[in-house]
A.B. asks: 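First the structure, then my questions, so here it is.
Excluded from the calculations below are hydrogen atoms, water molecules and symmetry mates; all remaining heavy atoms, backbone and side chain alike, are included.
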Amino acid sequence: MAVVTGAGSGIGRAAAVALGGRGLGVCCVGRRLGPLQQTARQAGSGSRAVAADISAEDGIGTVADAVAGASVAALVHAAAIEGIVALEDTDRATFDRLVATNLAAPFFLTQALRPRLADGAGIVFVGSVSALHGRPRHAAYAATKAGLVGLTTSLAAELAPQIRVNCVSPGATDTPMLAEAATAYFGSMPAQEAEQTGAAEMTRVLLGRVGTAAEMAAAIVHLALDASYSTGSVVTVDGGFSAR
C-alpha cells in the first residue's frame, strides 16, 4: 500500500490518484475528511481516507494505527502550509506552525511508519524551489523546505539499503495552495505592479507556464516506485525556473 499526506487536494491528491493507478491501495491522509474521501474514491480499490492532523503527536498515532499490519511500499509527504510573512511580522506561533507541519510532521511520521515500510520502499518528500531561490517574505517557509533537503540526504544514508529516500522540488504549480499564495504575495501590491511582477516571474520559467499537479505526481511516483537506483536525490520539477 501507499501513504500520502496532504491528499485532500493539489499535489497530494494527484500523487494519491497516480499511485492508486499503479495498483496500490492508498491511505489518503489530511485534515478534512470530505476531500480525502473524494481522493480515495479516485485512487480506487483498497484506498481509504484518514483524517488526522499530523502536526500533532496524536495525529501521527492515528495514521500509524490506520496502517497497522500493512506493508507500505510508498510514503509521500505532500502536506504543507504556505507562509508569506515579512521577517519583522513573523511571530513565534507562525514560525512554529510552519515547522510543525512542513518539517516536524514528515520527520515524525516517517519515524512512526518505519517498522511498516517494506524492503525496497520509497519515501518521497515534497519540497520547493523556495529552498534554494530567495523571495521576500518567504524566509520561514523556505527554511522548512530547506530542512526537507537535509532530511532527505540524512535519512537516505540512515535507511539504506532497504529504504530509498528522495525529494521532489516543485516550482509554481497550479493548485489551491498556489492561488492562496498569489493572493497573499501580490494582494498588497497595486494592480499594475502585481501584473508586472507576475509577468517577470513567468519569464524565468523556460517552459513559459506553471506546472500541473499531475506533472509533479509523475515525478513523485517515479521516485517512489520506479527509480530503484535513486536515493538521497533532490529532483527539481520547475519548468526550467532554476536553469534560467
A.B. asks: Please report the shortest heavy-atom distance between K145 and S128, naming the atom on each side.
C.D. replies: CG-CB, 3.7 Å
A.B. asks: Please lay out, stage by stage, how L19 and L225 fare under the test side chain to side chain contact (heavy atoms under 4.5 Å, CB included).
C.D. replies: CA-CA 9 Å; L19 287 165; L225 300 181; 3.8 Å; yes
A.B. asks: Which heavy atom in L113 sits nearest to a heavy atom in A64, and how many Å separate them?
C.D. replies: CD2-CA, 3.8 Å
A.B. asks: CD/Q38 to OG/S9 distance, rounded to the nearest 0.5 angstrom?
C.D. replies: 10.5 Å
A.B. asks: Please confirm whether the backbone N or O of G150 pairs with a side-chain atom of S154, one donor and one acceptor, at under 3.5 Å?
C.D. replies: yes
A.B. asks: Give the minimum heavy-atom separation between G59 and I54, together with the two atoms involved.
C.D. replies: O-CG2, 4.3 Å
A.B. asks: When clusters are formed by joining ILVMFWY residues with side-chain heavy atoms under 4.5 Å apart, either directly or through shared neighbours, do V29 and I11 land in the same one?
C.D. replies: no
A.B. asks: Between H77 and T110, does a side chain to side chain donor-acceptor pair (under 3.5 Å) hold up when you go through it step by step?
C.D. replies: CA-CA 9 Å; H77 296 282; T110 300; 2.8 Å; yes
A.B. asks: Can you tell me if CZ on R92 sees more than 12 non-hydrogen neighbours from other groups inside 6.0 Å?
C.D. replies: no
A.B. asks: Strictly by modelled atom types, are D65 and T62 linked by a side-chain donor-acceptor pair under 3.5 Å?
C.D. replies: no
A.B. asks: Taking T203's backbone N and O only, do any of them form a donor-acceptor pair with R244's side chain (distance below 3.5 Å, no angle check)?
C.D. replies: yes
A.B. asks: Please check this pair: side chain of T101 against backbone of V99, looking for a donor-acceptor N/O pair closer than 3.5 Å.
C.D. replies: no
A.B. asks: Is there a side chain to side chain contact (heavy atoms under 4.5 Å, CB included) between D174 and M216? Walk through the geometry before answering.
C.D. replies: CA-CA 10 Å; D174 186 13; M216 304 306 147; over 6 Å; no
A.B. asks: When hydrophobic residues are tied together by side-chain contacts of less than 4.5 Å, even through go-betweens, does Y141 share a cluster with L103?
C.D. replies: no
A.B. asks: Quickly, which of V4, V72, V50 forms a side-chain contact (heavy atoms from CB on, under 4.5 Å) with C27? Name it, please.
C.D. replies: V50
A.B. asks: Say you draw a straight line from CD of Q37 to OG of S47; how long is it, rounded to the nearest 0.5 Å?
C.D. replies: 13.0 Å
A.B. asks: Between P35 and R13, is any pair of side-chain heavy atoms under 4.5 Å apart?
C.D. replies: yes
A.B. asks: Could you give me the CA-CA distance, side-chain angles and deciding distance for R116 and M1, then say whether side chain to side chain contact (heavy atoms under 4.5 Å, CB included) is met?
C.D. replies: CA-CA 10 Å; R116 296 164 176 80; M1 75 172 305; over 6 Å; no
A.B. asks: Considering all heavy atoms of both residues, which atom of T39 and which atom of A16 are nearest to each other, and what is their separation?
C.D. replies: CG2-CB, 3.7 Å
A.B. asks: Would the distance check show the side chain of R164 and the main-chain N or O of S230 forming a donor-acceptor pair, the cut-off being under 3.5 Å?
C.D. replies: yes
A.B. asks: Can you tell me if CD on Q162 sees more than 12 non-hydrogen neighbours from other groups inside 6.0 Å?
C.D. replies: yes
A.B. asks: Are V126 and L117 grouped together when hydrophobic residues (ILVMFWY) are joined by side-chain heavy atoms under 4.5 angstrom apart?
C.D. replies: no
A.B. asks: Compare every heavy atom of A140 with every heavy atom of T90, then report the nearest pair and how far apart it is.
C.D. replies: CG2-CB, 4.4 Å
A.B. asks: Could you measure the distance from the CG atom of N166 to the OG1 atom of T231? Nearest 0.5 Å is fine.
C.D. replies: 5.0 Å
A.B. asks: Shortest non-hydrogen contact from A112 to I60?
C.D. replies: CB-CG2, 3.6 Å
A.B. asks: Mind checking whether L159 and L75 sit in one hydrophobic cluster, side chains of I, L, V, M, F, W, Y counted as touching below 4.5 Å?
C.D. replies: yes
A.B. asks: Once you round to the nearest 0.5 Å, how far does CD1 of I123 lie from CG of L223?
C.D. replies: 12.5 Å
A.B. asks: Does A79 offer a backbone N or O that forms a donor-acceptor pair with the side chain of T5 under 3.5 Å?
C.D. replies: yes
A.B. asks: Do the side chains of R114 and E158 get close enough for a salt bridge, i.e. N-O under 4.0 angstrom?
C.D. replies: no
A.B. asks: Once rounded to the nearest 0.5 Å, what's the spacing between atom OG1 of T144 and atom CZ of F95?
C.D. replies: 8.5 Å
A.B. asks: Kindly indicate whether the side chain of H138, heavy atoms from C-beta on, has any atom under 4.5 Å from the side chain of I84.
C.D. replies: yes
A.B. asks: Measure the acute angle between the ring planes of H133 and F241, then classify it against the limits of 30° and 60° as parallel, tilted or perpendicular.
C.D. replies: perpendicular
A.B. asks: Could you list the residues that satisfy side chain to side chain contact (heavy atoms under 4.5 Å, CB included) with A219, not counting sequence neighbours?
C.D. replies: V168, V237
A.B. asks: Applying side chain to side chain contact (heavy atoms under 4.5 Å, CB included), run through L98 and I81 and close with a yes or a no.
C.D. replies: CA-CA 7 Å; L98 285 163; I81 57 174; 3.8 Å; yes
A.B. asks: Distance from S55 atom OG to R97 atom CZ, nearest 0.5 Å?
C.D. replies: 10.0 Å
A.B. asks: According to a hydrophobic-cluster definition based on side-chain heavy atoms being under 4.5 Å apart (Ile, Leu, Val, Met, Phe, Trp, Tyr only), do V129 and V234 belong together?
C.D. replies: no
A.B. asks: Heavy atoms, side chains only, cut-off 4.5 Å: are V149 and L132 in contact?
C.D. replies: no
